[in-house]
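Note sheet for the following structure.
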Amino acid sequence: MKARKMLALAMAAAVMFCAAACGKAGSETPDAADDGKFRVGMECDYAPFNWTQSEPSDTAVPIEGGAGYADGYDVQLAKQLAEAMGKELVIVKIEWDGLTLALQSGKIDAIIAGMSPTEKRRQTIDFSDIYYNSDFVMMVKRGSAYETVQSLEDFRGAKVSAQMNTTWYDSIDQIPEVQKQTPLATMAEFVIAVRSGKVDAVVLERPGAMAAQLANDDITYVAFAEGKGFEVSPEDVSVAVGVRKTDGQMREQINAYLKGFTDEQKQELMAAAIERQPLTSED
């Protein structure tokens, strides 16, 4: 009786140990359910990389939860990656600050949101190879004193903002005597802040500024010659797909596709996204 009881206890302990070990292994890789879907997180609010539209189109993808349709450079890349992996694309709309947590928790499989693979971000997630390169520019109001400036020195003392938790916002500190303003959340806020005079300029990537300029007659941007603009590392002006550190297979699949994604294709895809982006002028 005692021997049987001891054996039962030993077996129970073994089962508990196995369950604990299996549970721990599962928690190390909190992947979204492997149901044949490629769940991609993005803001759906940063044209021309990604945006939300109310009507369907040949290029748009439904946003999970019926929140409209997503389109843009990031969406088109996500569609190509999903097709290459033989999976169904699901676009999950998530605010910028929540993207990394959503990836780590397994809510999404990847971040494709114009995100730069900075050293700080690499501490928590991994990144694919680069899928787009750009540069930092300053969005300004057409006709303002800053429209024709040529260097950061010319923005001395200006009121400048950018999006929170981005290398754009951090780079503002490079401007002499800058009046760093409260961070802004979306492209629409960028445009409104510049047009209203709340800020003199907003730091962002060139494609976003080009899209805003195309849609708003009173918006333009300042690009800098080499040595006249921001000091940035190559990772600051490039974007990559964010994946979990435990999901090396996903990263390898994405990189395998990106190897054949030529610079010409990247530029064509971005030009098309800029052309159809939905930002509109407000009177």
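- Separating the CD1 atom in Ile125 from the OG1 atom in Thr100 is a distance of 4.5 Å, to the nearest 0.5 Å.
- Between Pro183 and Tyr169, the shortest heavy-atom distance links the atoms CD-OH, 3.3 Å.
- In this structure, Gln277 contributes its side chain and Ala273 its backbone to no donor-acceptor pair below 3.5 Å.
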Please output the side-chain donor-acceptor pairs of residues 44-52 that fall under 3.5 Å, not counting sequence neighbours, one pair per line with the distance.
residue, atom, partner, partner atom, Å
Asn50, OD1, Cys44, N, 2.9
Asn50, OD1, Asp45, N, 3.1
Asn50, OD1, Tyr46, N, 3.4
Asn50, ND2, Asp74, OD2, 2.9
Trp51, NE1, Gln53, OE1, 3.0
Thr52, OG1, Cys44, O, 2.7
Thr52, OG1, Lys93, NZ, 3.1

* Glu43/Gln163 under side-chain hydrogen bond (donor to acceptor under 3.5 Å, both in side chains): CA gap, chis, key distance, verdict -> CA-CA 12 Å; Glu43 295 170 278; Gln163 189 176 38; 2.9 Å; yes
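- Not a single donor-acceptor pair under 3.5 Å links the side chain of Glu275 to the backbone N or O of Ala271.
- Of the possible polar contacts, none joining the Asn216 side chain to the Ile219 backbone as a donor-acceptor pair under 3.5 Å is found.
- For the pair Arg142 and Asp218, the salt-bridge criterion is not met [side-chain N within less than 4.0 Å of a carboxylate O].
- Side chain of Ser144 to backbone of Tyr146: a donor-acceptor contact under 3.5 angstrom is found.
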* Asked: Are Arg206 and Ser134 close enough, and set up right, to give a side chain to side chain contact (heavy atoms under 4.5 Å, CB included), and what steps lead you there?
  -> CA-CA 6 Å; Arg206 187 187 293 257; Ser134 186; 3.7 Å; yes
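- Rounding to the nearest 0.5 angstrom, the gap separating the CG atom in Leu89 from the NZ atom in Lys37 is 11.0 Å.
- When all heavy atoms of Ala209 and Leu204 are compared, the pair lying nearest together is N-CD1, 3.5 Å.
- In this structure the side chain of Pro207 reaches within 4.5 angstrom of the side chain of Met270, judged on heavy atoms.
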* To do: Begin from the C-alpha positions of Asp126 and Lys245 and carry the test salt bridge (charged side-chain N to carboxylate O under 4.0 Å, His left out) through to its verdict.
  => CA-CA 5 Å; Asp126 274 351; Lys245 283 185 173 292; 3.2 Å; yes
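- Ion pairing between a basic and an acidic side chain is recognised when a charged N comes within 4.0 Å of a carboxylate O; Glu153 and Lys228 show no such pairing.
- For the pair Ile111 and Leu103, the tightest heavy-atom approach, listed with the atom from each and the gap, is CD1-CD2, 4.0 Å.
- Residues Gln213 and Tyr221 have side chains that never bring a donor and an acceptor to within less than 3.5 angstrom of each other.
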* **Candidate pair Gln76 and Asp71, rule side-chain hydrogen bond (donor to acceptor under 3.5 Å, both in side chains), full reasoning** => CA-CA 7 Å; Gln76 300 314 305; Asp71 196 357; 2.7 Å; yes
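- Surrounding CD of Glu95 are at most 12 heavy atoms belonging to other residues, nucleotides or ligands under 6.0 Å away.
- At least one side-chain heavy atom of Arg244 sits under 4.5 Å from a side-chain heavy atom of Asp109.
- Rounded to the nearest 0.5 angstrom, Ile172 CD1 and Leu152 CG are separated by 11.0 Å.
- In this structure, CD1 on Ile91 lies 8.0 Å from CD1 on Ile63, to the nearest 0.5 angstrom.
- Taking 4.5 Å as the limit, every side-chain heavy atom of Met139 sits out of range of all side-chain heavy atoms of Val203.
- The hydrophobic cluster containing Leu81 also contains Val61, counting ILVMFWY residues as joined when their side-chain heavy atoms lie under 4.5 angstrom apart, directly or transitively.
- The cluster map of Ile, Leu, Val, Met, Phe, Trp and Tyr, joined by side-chain heavy atoms under 4.5 Å apart, puts Tyr257 and Met85 in the same cluster.
- Atom CG of residue Leu184 and atom CH2 of residue Trp168 lie 11.0 Å apart, to the nearest 0.5 angstrom.
- Between Lys180 and Val160 the shortest side-chain heavy-atom distance does not fall below 4.5 Å.
- Between the side chain of Gln181 and the main chain of Gln179, a donor-acceptor pair closer than 3.5 Å is present.
- The shortest distance between side-chain heavy atoms of Met138 and Val202 does not fall below 4.5 Å.
- Checked against the 6.0 Å centroid threshold, Tyr73 and Tyr132 count as a close aromatic pair.
- The shortest heavy-atom contact between Leu99 and Gly41 is CD2-C, 3.6 Å.
- Residues Tyr69 and Ile108 do not share a hydrophobic cluster, clusters being chains of Ile/Leu/Val/Met/Phe/Trp/Tyr side chains in contact below 4.5 Å.
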* After noting the C-alpha distance and the side-chain angles of Ser128 and Leu258, does the key distance pass the side chain to side chain contact (heavy atoms under 4.5 Å, CB included) rule? -> CA-CA 9 Å; Ser128 71; Leu258 292 178; 3.7 Å; yes
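- Shown here for Gln265 and Gly260, the closest heavy-atom pair between the two residues is OE1-O, 3.1 Å.
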* Pair Met42-Val75, side chain to side chain contact (heavy atoms under 4.5 Å, CB included): steps then yes or no -> CA-CA 9 Å; Met42 61 181 67; Val75 176; 3.6 Å; yes
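- No single ILVMFWY cluster, assembled from side-chain heavy atoms under 4.5 Å apart, contains both Phe127 and Ile130.
- Note on Val191: it clusters hydrophobically with Leu214, by side-chain heavy-atom contacts below 4.5 Å among ILVMFWY residues.
- The local environment of NZ in Lys79 is crowded, with over 12 non-hydrogen atoms from other residues, nucleotides or ligands closer than 6.0 Å.
- Between the side chains of Asp170 and Thr167, no donor-acceptor pair of N or O atoms lies under 3.5 Å.
- Around CD of Glu83, the count of heavy atoms belonging to other residues, nucleotides or ligands within 6.0 Å does not exceed 12.
- Of the inter-residue distances, the one linking Ile175 atom CD1 with Lys159 atom NZ reads 14.0 Å to the nearest 0.5 angstrom.
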* Let me see the working for Glu147 and Lys141 under side chain to side chain contact (heavy atoms under 4.5 Å, CB included), right down to the final yes or no. => CA-CA 7 Å; Glu147 181 179 0; Lys141 187 174 183 178; over 6 Å; no
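- Using a distance-only test at 3.5 Å, with no hydrogens or angles considered, a donor-acceptor pair links the side chain of Tyr131 to the main chain of Gly114.
- Residues Val137 and Val222 form no side-chain contact, since every pair of their non-hydrogen atoms from C-beta on lies 4.5 Å or further apart.
- Between Glu119 and Arg122 there is no salt bridge, since none of the side-chain N atoms of the basic residue sits less than 4.0 Å from a carboxylate O of the acidic one.
- Taking all atoms of both residues into account, the shortest heavy-atom contact from Ile94 to Gly98 is CG2-C, 3.6 Å.
- Val140 is listed as a side-chain neighbour of Phe155, based on a closest heavy-atom distance under 4.5 Å.
- Taking the side chain as every heavy atom from C-beta outward, Gln150 and Phe224 never approach each other to under 4.5 Å.
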